[in-house]
There are 2 protein chains.
Amino acid sequence: MGTVKGQNKKRRVTIKDVALYANVGVGTVSRVLNNSPHVTLETKQKVLAAIRELGYTPNPYARYLSVGTSNLVTVIIPEMKGDFYQMLLSGIDEVLVKHGYSSILYPLYNNRRYEALKKSSELLLSTDGIIVDAVSVDGVLKDLLNHNTPTVCVEQESEMFDSVMVDNYYGGVIVGDYFADLEMEIFVVTHRKSHELESTVFDERLEGFQASLEKKGRNIDKIYYVPLDWESAFEVARRIFSRHKRCAIFTTTDYLAVPIIEVARTVGLNVGKDVRVCGFDDLPIAQVLGITTIKQPIHEMGKIAAEMLIKRIKGKAKDKVAKVILKPELVIRET
Amino acid sequence: MGTVKGQNKKRRVTIKDVALYANVGVGTVSRVLNNSPHVTLETKQKVLAAIRELGYTPNPYARYLSVGTSNLVTVIIPEMKGDFYQMLLSGIDEVLVKHGYSSILYPLYNNRRYEALKKSSELLLSTDGIIVDAVSVDGVLKDLLNHNTPTVCVEQESEMFDSVMVDNYYGGVIVGDYFADLEMEIFVVTHRKSHELESTVFDERLEGFQASLEKKGRNIDKIYYVPLDWESAFEVARRIFSRHKRCAIFTTTDYLAVPIIEVARTVGLNVGKDVRVCGFDDLPIAQVLGITTIKQPIHEMGKIAAEMLIKRIKGKAKDKVAKVILKPELVIRET
DNA sequence: CTGAAAGCGCTTACAG
DNA sequence: CTGAAAGCGCTTACAG
């Protein structure tokens, strides 16, 4: 079965081997591989048999080189904890799949992964398109992104690429308007962008909140900055409730609201009355725990991003950079 | 800059253009691209300048075709919620990066993504190696995986590939031994594998638990099956504690323990006394909430998987399929 | 319907 | 140190 040519190194079986084995030209093999209608059933079966016998698998890189398209889209996200990214990605996938594309994920949740991306950026970023959530395309990713490959940004603005985002500042304003009338101390639990891979959305939400409060003659009594994990949020929550039995807390994401509520309830406070909590995002968990929050259309945002990208890929987009800004809204629940 | 040859379609600038522009051969351009030491500083700078002027970016697919290696490893996981995968991936990355590889992630959290994987499997799975967590390689992925590309399995056994996992059955046994002495009703909250993309670890843990209990003459009073999300776990928790004020609950992952404890505490039960809860995994959240649990070395498991894979890639592994089974251990905390 | 051949954009011995 | 050329494994007009 096919003379091994001299060396005993395993040589990959190629389309040529198949052609030889099936007694046809490589073009014909390629045609059955690509389901071309212009092949006799007979030859087709001959080729298929050869493929099976030889255990042939096509080399996609060669194909790509030839046709110049991978049907792959790279999605870059800053981390993968929580429900947010799964929701976003499912929106993206919904439209991508419809157009025959698949997505690969690249979470940039620490510096090591950033370094790895830089090293292998070429292959990872040479897909047909790129969607970047939160991680700054005009900043850290600037030198990695190729201006010629279609790119769209989510949760951030960009001078170079299309973008879709929720008006985070405005979301903060809504919460401020809501909290301003409450006769209690006002705290914020948020995450401050601490290194360049992180998102700025939390800061924007905080700014809007602050501005709205000021306008109404109130101010934030204290801001607690925490890393984006529950361990830290739990600690802060314990600290808060050991001193304060009555307060309103704005957590700039529902993710951080969960521990706050857990601790408040554990120490016996009446959440919704003595303690008021407002989150952001409207993650599934917010519905379960009855968290008052700012709803943003995550799934929708993913769909829009993918649609913008497809447009760019197909060359149907305008030259000008497009920008879609979605409005968030307040959802009042028990907390 | 550079005459457009006839048509006005944007043609990608290639190594040839650079060579022409810099007045050198393509081989030389390639050499500076790959940091070959055999280039004069002078020509190197000439080439670099040309690259900059022309805005050249190399085509990685062509490179791959030529050298036959991508330095990329594909990691397939069943979902991305919770801390587990980030821990696993960081273990994998730690050793991968050391060897010059980068990882791309493919979460298979729903059927659409599975279909997309099938469609684009060639490119996605033609990296230098593959690590598959939980999703059955001998089952659903069987026809997608190429026997020639190095592959290692995590959290599952395989007849074809190397694997590393924790002894989940034994972990269940430990919990059983621990619960058998408790004089209260025994419940289980777990997830049952409901479609083929999901993991079987929960079932294995449950089996071990059941076996151990039986041996000691006890049995599970009720098993609650839930989807792997908090929404459902919260519901079940409310159901349980509306009827039972005293019980021991084994949740087959810490992830499911969180809502249980939250609800128990909310309704005023003394968790650790009236209500006992034991989780599985020892996720960070388990430490924060003081959850008694079965600790499994997730990060370590990732490292081992990557090391096995590297061995296969370098051809240094034995022919026989390797299997590493790690032992879990009980960590007693407040609950 | 099918084969021979050119081409995709790189890398890498091989000469010089 | 550097250039010309072969080769990586496909696809796709072009003839037939």
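Just so it is clear, the values below take in all heavy atoms, side chains as well, and ignore hydrogens, waters and symmetry mates. Lettering of chains follows the sequences in order, A, B, ..., and the numbering in each one begins at 1.
- Comparing the P positions of C/dC14 and C/dC10 gives a spacing of 24 Å, expressed to the nearest Å.
- Along DNA chain D, the stretch of nucleotides lying under 4.0 Å from any heavy atom of chain A spans, 5' to 3', D/dG9 to D/dA13.
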Hey, can you pull the donor-acceptor pairs under 3.5 Å for the side chains in residues 32-40 of chain B, sequence neighbours left out?
residue	atom	partner	partner atom	Å
B/Asn34	OD1	B/Arg63	NH2	3.0
B/Asn34	ND2	B/Ser30	O	2.8
B/Asn34	ND2	B/Ser30	OG	3.4
B/Ser36	OG	B/His38	N	3.1

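- Proximity of residues 33-49 of chain A to DNA chain C (heavy atom under 4.0 angstrom from any strand atom) is restricted to A/His38, A/Val39, A/Thr40, A/Thr43.
- Using a 4.0 Å cut-off between charged nitrogen and carboxylate oxygen, B/Asp162 and B/Lys323 do not count as a salt-bridge pair.
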- [ ] Before giving the answer on side chain to side chain donor-acceptor pair (under 3.5 Å), spell out for A/Thr74 and A/Thr127 the whole-Å C-alpha distance, their side-chain angles and the decisive distance to 0.1 Å.
- [x] CA-CA 6 Å; A/Thr74 302; A/Thr127 47; 2.8 Å; yes

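- Enclosure of atom NZ in B/Lys142 is not indicated, since only 12 or fewer non-hydrogen atoms of other residues, nucleotides or ligands lie within 6.0 angstrom.
- Residue A/Val24 is in sugar-phosphate contact alone, with no base atom involved, counting any heavy-atom pair closer than 4.0 Å across all strands shown.
- Comparing C/dG16 with C/dT12, their C1' atoms are spaced 16 Å from each other, to the whole Å.
- Residue-level contact check: B/Ser30 touches the bases, meaning some heavy atom is under 4.0 Å from a base atom.
- Note on A/Glu94 versus A/Lys303: salt bridge recorded, some NZ/NE/NH1/NH2 to OD/OE distance being below 4.0 Å.
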- [ ] Report the secondary structure of DNA chain C in dot-bracket form, marking unpaired bases with a dot and bases paired to a different strand with |, and treating Watson-Crick or G-U pairs with both distances under 3.5 Å as paired.
- [x] |||.||||||||.|||

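- Of the residues in residues 58-67 of chain B, those placing a heavy atom less than 4.0 Å from an atom of DNA chain D are B/Leu65, B/Ser66, in numerical order.
- Expressed to the nearest 0.5 Å, how far OG1 of B/Thr28 lies from CG of B/Asn23 amounts to 11.0 Å.
- Listed here is the closest heavy atom pair of B/Tyr101 and B/Ile313: OH-CG2, 3.3 Å.
- Between the CD1 atom in B/Ile298 and the OH atom in B/Tyr85 there is a gap of 9.5 Å [rounded to 0.5 Å].
- When all heavy atoms of A/Ala306 and A/Ile92 are compared, the closest pair comes out as CB-O, 3.6 Å.
- Partners of A/Val26 under the side-chain contact (heavy atoms from CB on, under 4.5 Å) rule, at least two apart in sequence or in another chain, are A/Ile15, A/Lys16, A/Ala19.
- Among all heavy-atom pairs drawn from A/Arg312 and A/Pro150, the shortest one is CB-CB, 3.7 Å.
- With a 6.0 Å radius and a threshold of 12 heavy atoms from other residues, nucleotides or ligands, B/Lys311 has its NZ atom at or below the threshold.
- The aromatic rings of B/Tyr61 and A/Tyr64 sit parallel, their planes meeting at an angle under 30°, below the 60° perpendicular limit.
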